[in-house]
Amino acid sequence: DGELTCDLPEHVHSETCVTPLEPEEALPDNAFPEELPEGYTEYSYDSEDGLSVLVYAPENAFGGQAVTLKADKLAEDSQGYMDAQANLDAAEDVEYDGFVALDIRFEDEAGTEVEPDAAQGPVYVKLDALALLPESANRASVAVQHHCTEATDPIVAVSAEPEPEPEMDP
């Protein structure tokens with residue numbers, strides 16, 4: 001049905017729930033497609049600090065209006081960052097020793113945030129934010145979490161695929 005559902009144990013589901021998406025637990029049907037699906041539009045965003053976002057959304061997901069994909073790293077003193085941290089702390093099955101909070105969104109020509117129409121189909125998101133992590137971060141343990149902001153959120157696949165480490169000659 002294209003809606004992301006929260007599967008965290010024993011908590012009150014709200015508009016700011018967090019759904020962990022572990023690569024080994026991701027459902028194959030919801031994986032980021034290898035190619036742009038028919039009837040979809042590709043949106044991409046690349047920042048100077050190394051954040052890269054690729055989104056596939058149904059062609060009419062925004063009712064025909066022109067939109068732009070935007071992404072920002074949230075400041076640690078921002079409300080969005082504090083909300084993300086509170087949700088991580090409340091999740092009993094999540095352990096972390098640091099995180100990066102991002103605001104990934106679509107904006108119309110006036111700069112107003114717009115949401116894709118869930119009735120049009122699923123939206124797929126792939127991101128590379130590893131450049132935003134400290135050098136000491138264990139890249140193999142990085143997990144992506146999606147904060148739901150709408151009850152009818154059409155995001156079905158969020159994937160973070162790290163670039164392979166370069167091989168060293170012995």
Side-chain angles (χ1 to χ4, degrees), residues 1-8 13-74 80-81 83-84 87-88 91 93-94 96 99-109 111-133 139-164:
D1 60 38
E3 292 182 17
L4 182 67
T5 57
C6 181
D7 59 357
L8 292 174
H13 184 71
S14 72
E15 291 181 354
T16 59
C17 69
V18 178
T19 303
L21 297 174
E22 298 291 339
E24 62 273 7
E25 295 175 8
L27 300 174
D29 292 345
N30 291 344
F32 191 87
E34 291 184 26
E35 297 179 6
L36 181 67
E38 186 175 333
Y40 275 67
T41 301
E42 178 178 313
Y43 300 89
S44 63
Y45 175 87
D46 294 295
S47 73
E48 292 179 10
D49 56 358
L51 171 63
S52 178
V53 183
L54 178 63
V55 175
Y56 295 160
E59 289 175 352
N60 200 29
F62 299 98
Q65 68 178 325
V67 297
T68 303
L69 179 64
K70 302 280 186 166
D72 296 306
K73 180 179 175 183
L74 298 178
Y81 186 96
D83 290 346
N87 282 317
L88 284 171
D93 59 342
V94 175
Y96 69 99
F99 70 97
V100 174
L102 305 171
D103 177 15
I104 301 172
R105 66 198 177 282
F106 289 96
E107 292 182 359
D108 64 14
E109 292 175 332
T112 304
E113 186 171 343
V114 293
E115 295 291 334
D117 180 1
Q120 298 301 314
V123 174
Y124 301 95
V125 179
K126 181 178 180 179
L127 62 101
D128 179 358
L130 295 179
L132 303 178
L133 298 176
R139 294 172 187 272
S141 69
V142 172
V144 175
Q145 296 189 351
H146 174 242
H147 282 264
C148 311
T149 56
E150 301 289 329
T152 58
D153 196 332
I155 306 296
V156 297
V158 179
S159 112
E161 296 182 9
E163 294 296 318

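Atom set for the values below is all heavy atoms of this structure, side chains included, hydrogens, waters and symmetry mates excluded.
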Side chains of F106 and V55: does their closest heavy-atom pair fall under 4.5 Å? yes
Evaluation steps, side-chain contact (heavy atoms from CB on, under 4.5 Å), between L132 and L102: CA-CA 10 Å; L132 303 178; L102 305 171; 3.8 Å; yes
Indicate the atoms forming the closest heavy-atom contact of A84 with A101, along with that distance. CB-CB, 4.4 Å
Can you list the residues that meet the side-chain hydrogen bond (donor to acceptor under 3.5 Å, both in side chains) rule with T68, with sequence neighbours excluded? none
Supply the atom-to-atom distance L130 CG to L51 CG, rounded to the nearest 0.5 angstrom. 10.5 Å
With sequence neighbours left out, what residues match S44 under side chain to side chain contact (heavy atoms under 4.5 Å, CB included)? L54
Rounded to the nearest 0.5 Å, the OG1 atom of T112 sits from the CD atom of E109 at a distance of 11.0 Å
Who passes side-chain hydrogen bond (donor to acceptor under 3.5 Å, both in side chains) against E42, sequence neighbours left out? none
Any side-chain hydrogen bond (donor to acceptor under 3.5 Å, both in side chains) involving residues 51-66? Give me the pairs, sequence neighbours left out, ordered by first then second residue. D46-S52
The salt bridge (Lys or Arg N to Asp or Glu O under 4.0 Å) partners of D108 (sequence neighbours excluded) come to none
Hey, could you give me the CZ/OH distance between R105 and Y45, rounded to the nearest 0.5 Å? 8.0 Å
Please find the pair of heavy atoms, one from G80 and one from L74, that lie closest to each other, and give the distance. C-CD1, 3.8 Å
Contacts of type ring-ring contact (aromatic ring centres under 6.0 Å, His included), residue Y96, not counting sequence neighbours: F99
Does the side chain of F62 come within less than 4.5 Å of T41's, by heavy atoms? no
Find the distance between OH (Y81) and NZ (K73) and round it off to the nearest 0.5 Å. 8.0 Å
